[in-house]
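Single-structure report; data block below.
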Amino acid sequence: MIDPKLLRQSATDVAANLARRGYEFDAGAYLSLEERRKSLQVETEQLQSERNASAKRIGAAKAEGEDIEPLLAAVKDLGDRLAVGETALQKVQAELRDIELDLPNLLDQSVPDGTDECDNAEVRSWGEPAALVFNARDHIELGESLGMLDFEAASKISGSRFVVMKGPLARLQRALIQFMLDTHIEEHGYEETYVPYLVQEQALVGTSQLPKFEEDLFKTETETPFYLIPTAEVPVTNLARDAIFEADELPKQYVAHTPCFRSEAGSYGKDTRGLIRQHQFEKVELVHFVIADDSMAALESLTGHAETILQKLQLPYRVVALCAGDVGFGATKTYDIEVWLPGQQKYREISSCSNYNDFQARRMQARRRNPASGKPELIHTLNGSGVAAGRALVAVMENNQNNDGSIRIPAVLQPYMGGLQVIA
RNA sequence: GGAGAGAUGGCUGAGUGGUCGAAAGCGCUCCCCUGCUAAGGGAGUAAGGGCUAAUACCCCUUCGAGGGUUCGAAUCCCUCUCUCUCCGCCA
């Protein structure tokens, strides 16, 4: 959520910033609604104040044994007037909140212009795509011929966009997850967390998947509905909900491995085959809570932590700064890390690292106490994949394939594979 | 699933219709006292929102959540959620 005070005071500046995303914010309509809110709120609070004062007078008079009938008569219609005002105020406030919850975050000035992923700016790249002497196979062909990826079996059980993995390949994904967790815990200073995979609406409003993107989520039909998490960002970031951190508690860095569940509504034609886009996938997620001044530096270090994983796996990648039109709803700035996939002969997203500044914090009431003023102020939140395990598996398979269809296991993963060096 | 108890400020815990945003204690902050420490004395110490140039005044809201009764609700009524104890079941 954008600061409502900023919306009031600088609505046209906000509109100009959001226009970079291609988002149209009707500042005039907002401001007229806001003006209505102001007069209604001032009026209603005035009536509440009168009610409180008269209740006290009546109480005092009664204690003195005086006749309170005249006082009661004087406030006879106050309750009705108040009820009318309160109802009207609540309605306007709800309308304003709906608008505010629907507004994307302001973009950082360093975000490059552009409308879609074609305009993203490469920041750096690492490693060289290998020149394979034979025709590179994709992970589907590799996995199926090894007998270790079974999309048909998954389809029988659950339909499309699911997979069954078997044997050393299933273990390889687990090895990747373990390796990533251990690296972040031991080398990057993260605290490991285990979190719920089912969350309530409020948590998703906090991280801004709701109310706008409900169709992307799986929802249970229980009495109070649960949503399956689309990313560990949701439960982990909500650890800061309604919290006031003391000065020495920040920064915080959390890592979590979870499955992620996405309906993929609206992506029907995309990546229909293989592991790239599944309803269920494994991911290691990094989350930072920092003070406002530190969030841009934290974005750089978080992105670096994800890059370290790919470097240790010897996977070629590049880092791109998402352009204005491609930055996600709640982020102020995002780097995507794209790994080279020989089977597709292109770079594909394997991690997305975002600074949300106070956007999620405001929705969650996530604060820290400023030691100088003693007052609570909003923290900044960040998150990024460190990295997506399913896609990392794809990258390892395709980049480490041999001519005979066997797959070399990266050295850093071999300890997690019982010393196995090749999957054949 | 059955039976019972409970939910109050950072913590413990009073408070069953009126001046209660809320006693007391603990914790924390500042000051005094003290050679240091310990002990002691005094003052302060919730969050969100409105108004505003203001993190100054002032005002509003909040005692698990939502509704109701009332001039007035932490206190009375209804619904829900959660926590704890015992029994059953289960990983």
Side-chain angles (χ1 to χ4, degrees), chain A residues 1-10 13 30-31 33-101 194 196-206 220 222-227 235 238-250 291-293 358-379:
Chain A
M1 214 162 89
I2 297 172
D3 185 356
K5 282 193 176 176
L6 185 70
L7 284 173
R8 286 172 217 164
Q9 287 164 6
S10 317
D13 292 346
Y30 180 84
L31 287 176
L33 196 59
E34 164 54 27
E35 227 167 278
R36 215 166 112 63
R37 183 233 101 223
K38 181 169 171 172
S39 67
L40 276 170
Q41 183 158 354
V42 169
E43 181 189 336
T44 302
E45 288 187 358
Q46 174 61 30
L47 288 173
Q48 287 173 326
S49 182
E50 277 177 39
R51 178 204 54 197
N52 293 344
S54 68
K56 280 188 183 181
R57 271 199 304 276
I58 291 169
K62 211 174 171 184
E64 297 293 319
E66 295 168 14
D67 179 18
I68 59 170
E69 282 305 322
L71 290 170
L72 288 180
V75 295
K76 193 161 170 286
D77 65 331
L78 191 59
D80 292 336
R81 284 158 58 207
L82 190 52
V84 170
E86 280 176 342
T87 304
L89 176 61
Q90 275 167 20
K91 185 162 171 285
V92 172
Q93 281 178 327
E95 283 176 44
L96 282 168
R97 185 165 173 80
D98 286 347
I99 293 173
E100 288 158 7
L101 285 176
Y194 171 80
Y197 304 158
L198 293 172
V199 298
Q200 295 192 3
E201 178 184 2
Q202 188 180 225
L204 288 150
V205 172
T220 68
T222 44
E223 201 175 355
T224 43
F226 289 109
Y227 293 86
N238 272 280
L239 290 173
R241 164 179 290 282
D242 292 326
I244 302 178
F245 294 107
E246 294 304 327
D248 60 357
E249 292 182 284
L250 296 183
I291 65 174
D293 289 344
D358 61 12
F359 188 83
Q360 295 178 322
R362 184 169 290 107
R363 288 167 167 245
M364 294 189 301
Q365 283 300 336
R367 295 150 295 169
R368 51 86 66 148
R369 196 171 298 283
N370 184 324
S373 65
K375 296 292 176 192
E377 55 189 37
L378 295 171
I379 62 168

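By convention in this document, chain letters (A, B, ...) are assigned in the order of the sequence lines, proteins followed by strands, and residues within each chain are numbered from 1.
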For a quick test of reading the model, state the closest non-hydrogen atom pair linking A/Gln200 to A/Tyr227 and the distance between them.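 Heavy atoms only, the tightest pair is C-CD1, 4.4 Å.
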
What heavy-atom pair brings A/Met1 and A/Leu101 nearest, and what distance separates the two atoms?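 Nearest heavy atoms, A/Met1 then A/Leu101: SD-CD2, 4.0 Å.
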
When rounded to the nearest Å, what value does the distance between [atom1] atoms of [N] and [M] take?
{"N": "B/U45", "M": "B/G50", "atom1": "C1'", "answer": "24 Å"}
{"N": "B/G18", "M": "B/U83", "atom1": "C1'", "answer": "32 Å"}
{"N": "B/C26", "M": "B/U62", "atom1": "C1'", "answer": "25 Å"}
{"N": "B/G88", "M": "B/G64", "atom1": "P", "answer": "33 Å"}
{"N": "B/C90", "M": "B/C63", "atom1": "P", "answer": "42 Å"}
{"N": "B/C80", "M": "B/G25", "atom1": "C1'", "answer": "34 Å"}
{"N": "B/A74", "M": "B/G9", "atom1": "P", "answer": "14 Å"}
{"N": "B/C86", "M": "B/C11", "atom1": "C1'", "answer": "28 Å"}

Given side chains that start at C-beta, do those of [X] and [Y] come closer than 4.5 Å, heavy atoms only?
{"X": "A/Ile379", "Y": "A/Leu250", "value": "yes"}
{"X": "A/Glu34", "Y": "A/Leu7", "value": "no"}
{"X": "A/Asp358", "Y": "A/Asp3", "value": "no"}
{"X": "A/Glu377", "Y": "A/Arg368", "value": "yes"}
{"X": "A/Val84", "Y": "A/Arg81", "value": "no"}
{"X": "A/Arg8", "Y": "A/Arg37", "value": "yes"}
{"X": "A/Phe245", "Y": "A/Arg367", "value": "no"}

Please tabulate the protein-to-nucleotide N/O contacts below 3.5 Å involving nucleotides 75-79 of chain B, giving atom names and distances.
none

Without swapping roles, check the side chain of A/Arg241 against the backbone of A/Gln202 for a donor-acceptor pair under 3.5 Å. yes

For the CZ atom on A/Arg36, are there more than 12 heavy atoms of other groups (residues, nucleotides or ligands in this structure) within a distance under 6.0 Å? no

Atom CG of A/Asp242 and atom P of B/G9: how far apart are they, to the nearest Å? 13 Å

Given Watson-Crick or G-U pairs with both distances under 3.5 Å, what dot-bracket string fits RNA chain B, with | for other-strand pairs and [ ] for crossing? ((((((((.[[[..)..(.....]]]((((((.......))))))(((((.......))))).[[[[[..)....]]]]])))))))....

Could you name each residue pair satisfying salt bridge (charged side-chain N to carboxylate O under 4.0 Å, His left out) that touches residues 86-95 of chain A, not counting sequence neighbours?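 Checked against salt bridge (charged side-chain N to carboxylate O under 4.0 Å, His left out) - neighbours excluded - the pairs reaching residues 86-95 of chain A are A/Lys91-A/Glu95.
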
Quick one: list whatever passes ring pair (Phe, Tyr, Trp, His ring centres under 6.0 Å) with A/Tyr30, sequence neighbours left out.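 Ring pair (Phe, Tyr, Trp, His ring centres under 6.0 Å) check on A/Tyr30 returns A/Phe25.
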
Its contact letters, B for base, S for sugar-phosphate only and - for none at protein heavy atoms under 4.0 Å, make nucleotides 44-66 of chain B read ---SSBSSB------BSS-----

What distance separates A/Arg363 CZ from A/Leu378 CG, expressed to the nearest 0.5 Å? 13.0 Å

Provide a list of protein-nucleic acid N or O atom pairs under 3.5 angstrom, restricted to nucleotides 15-22 of chain B.
| unit_1 | atom_1 | unit_2 | atom_2 | d |
| --- | --- | --- | --- | --- |
| B/G18 | O6 | A/Lys62 | NZ | 3.0 |
| B/G18 | N2 | A/Ala55 | O | 2.8 |

